[in-house]
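See below for the structure under consideration.
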Amino acid sequence: MTETARGNLFILSAPSGAGKSSLINALLNIHDDIKVSVSHTTRNPRPGEQNAEHYHFVDVEQFKSLIEKNDFFEWAQVFDNYYGTSKAAIENQLAQGIDVFLDIDWQGAQQVRKLVPDVKTIFILPPSRAELEQRLNNRGQDSQEVIADRMAQAKSESSHYAEFDYVLVNDDFDATLKQLESIVLAARLELSAQKVRHHPLICDLLN
Ligand code: GDP
Ligand code: ADP
Ligand code: 5GP
């Protein structure tokens with residue numbers, strides 16, 4: 001009988017509009033053994049965003065009380081809002097062998113690297129600044145003011161790309177999705193996981 005290896009933890013970060021959410025959603029559609037952690041946020045829902053599906057939408061008071069209860073695995077202030085990953089959002093899934101993606105900013109990534117040294121981190125770059133702005137406009141879900149603010153932050157967010165294990169340029173969507181998928185599939189073949197998964201085979205071959 002094979003044992004279940006622990007799931008891998010992945011972080012996907014990028015300047016807003018580079019395509020994180022679209023790539024994660026597409027990956028989840030093709031692999032039912034990958035989940036995305038649903039963050040808590042104090043920002044307002046965008047049109048079509050559902051509570052508990054896209055985010056747990058909370059007010060600042062609720063967010064602060066979760067910080068005090070030590071319920072967060074990591075949290076950060078991004079733009080003018082608080083965002084955080086709860087411990088509950090990830091631990092059970094990893095223990096069941098499910099791979100978990102965090103769509104979090106670079107500040108969150110720095111915190112998680114300290115807690116989980118073998119986390120696999122991926123940074124998404126847009127093909128150009130102009131295309132990034134175009135995508136934020138095409139998405140049509142943020143006000144002009146919010147878009148201008150996010151474009152202004154894009155440079156400082158992008159400056160953190162070299163802290164990540166993998167860097168993908170999201171020009172052709174399907175090609176980037178394949179690259180992302182290949183990172184996940186390769187991680188499953190790492191020695192530590194294969195040792196657990198194929199323990200009986202290895203014992204048989206080595207005895
Ligand atoms: P997007 O950039 O267009 O996807 O916009 P969002 O409003 O969904 O996310 C805003 C920022 O918050 C992004 O940089 C996210 O990576 C970050 N973020 C979202 N959830 C979390 C979280 O749980 N923890 C941390 N640290 N950052 C998060
Ligand atoms: P993020 O989660 O990083 O803010 P989204 O996934 O919401 O970004 O993508 C921003 C917009 O760009 C969306 O409208 C999405 O459909 C579009 N988009 C994502 N990737 C590509 C791509 N490779 N080519 C063209 N448009 C894209
Ligand atoms: P948006 O408001 O567009 O959904 O997200 C803005 C940014 O916040 C994105 O870069 C997203 O990755 C980041 N973000 C979302 N949730 C979290 C979170 O739980 N923690 C951290 N650190 N960042 C988050």
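Order of appearance sets the numbers: ligands from 1, and atoms from 1 within every ligand.
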Just distances here: any N/O of Ala14 and N/O of ligand 2 closer than 3.5 Å?
no
The one among Trp75, Tyr83, Phe72, Trp106 that brings a heavy atom closest to atom 14 (N) of ligand 3
Tyr83
Consider every N or O of Ser22 and every N or O of ligand 2, then say whether any pair is closer than 3.5 Å.
yes
Look at the rings of Phe63 and Trp75 and say which category their plane angle falls in: under 30° parallel, 30 to 60° tilted, over 60° perpendicular.
perpendicular
Going by heavy atoms, is Asp103 under 4.0 Å from ligand 3?
yes
What atoms of ligand 3 come within less than 4.0 Å of a heavy atom belonging to Ser39?
16 (N), 17 (C), 18 (C), 19 (O)
Given the options Arg6, Arg197, Lys120, Glu190 meets salt bridge (Lys or Arg N to Asp or Glu O under 4.0 Å) only with Lys120
To the nearest 0.5 angstrom, please state how far the CG atom of Asp103 sits from the CG atom of Leu23.
10.0 Å
Gap between atom CD of Glu133 and atom CE of Met151 - 0.5 Å precision
4.5 Å
Considering only NZ, NE, NH1 and NH2 on the basic side and carboxylate oxygens on the acidic side, decide whether Asp99 and Arg188 come within less than 4.0 Å.
yes
Should you measure from each heavy atom of Glu74, which atoms of ligand 3 turn up under 4.0 Å away?
18 (C), 19 (O), 20 (N), 21 (C), 22 (N)
Within less than 4.0 angstrom of ligand 3, does Arg46 place any heavy atom?
yes
Close N or O approach (Asp105, ligand 3; < 3.5 Å)
yes
The reported gap from CD1 in Ile104 to CZ in Phe73 (rounded to nearest 0.5 angstrom) is 8.0 Å
If you count the atoms of ligand 3 from 1 in the order shown, which ones are under 4.0 Å from a heavy atom of Gly108?
22 (N)
With a 4.5 Å heavy-atom cut-off, do Leu201 and Leu205 have their side chains touching?
yes
Under 3.5 Å between some N or O of ligand 3 and some N or O of Gly84?
yes
d(Gln144 CD, Leu136 CG) to nearest 0.5 Å is 10.0 Å
With respect to Leu23, determine whether any N or O atom, backbone or side chain, lies less than 3.5 Å from an N or O atom of ligand 2.
no
Of all heavy-atom pairs linking Lys195 and Ile202, the shortest is CA-CD1, 4.1 Å
Pairs of nitrogen or oxygen atoms closer than 3.5 Å, one from Lys20 and one from ligand 2: do any exist?
yes
Yes or no: does Asn138 have any heavy atom under 4.0 Å from an atom of ligand 2?
no
Under 4.0 Å from one or more heavy atoms of Tyr55, ligand 3 contributes atoms 1 (P), 4 (O), 5 (O), 15 (C), 16 (N)
Numbered in order shown, the ligand 3 atoms found under 4.0 Å of a heavy atom of Ala76 are 22 (N)
Does ligand 2 have any atom that is closer than 4.0 Å to a heavy atom of Asp171?
yes
Is there a heavy atom in Ser16 that sits closer than 4.0 Å to ligand 2?
yes
Atom indices of ligand 3, in the order listed, that fall short of 4.0 Å to a heavy atom of Thr85
19 (O)
To the nearest 0.5 Å, what is the distance between NZ on Lys178 and CG on Leu168?
14.0 Å
Under 3.5 Å between some N or O of ligand 2 and some N or O of Arg135?
yes
List ligand 3 atoms under 4.0 Å from Arg43, heavy atoms only on the residue side.
1 (P), 2 (O), 4 (O)
Do the ring centers of His40 and Tyr82 come within less than 6.0 Å of each other?
no
Would you mind telling me if ligand 3 is within reach of the side chain of Lys20, the backbone, both or neither, using heavy atoms under 4.0 Å?
side chain
Check Ile124 against ligand 2 and report side chain, backbone, both or neither, counting heavy atoms closer than 4.0 Å.
neither
At a 4.0 Å threshold, what atoms of ligand 3 neighbour a non-hydrogen atom of Arg150?
1 (P), 2 (O), 3 (O), 6 (C)
If you measure from OH on Tyr83 to OH on Tyr55, what distance do you get to the nearest 0.5 Å?
5.0 Å
Closest heavy-atom pair and its distance - Gly17, Leu132:
C-CD1, 3.5 Å
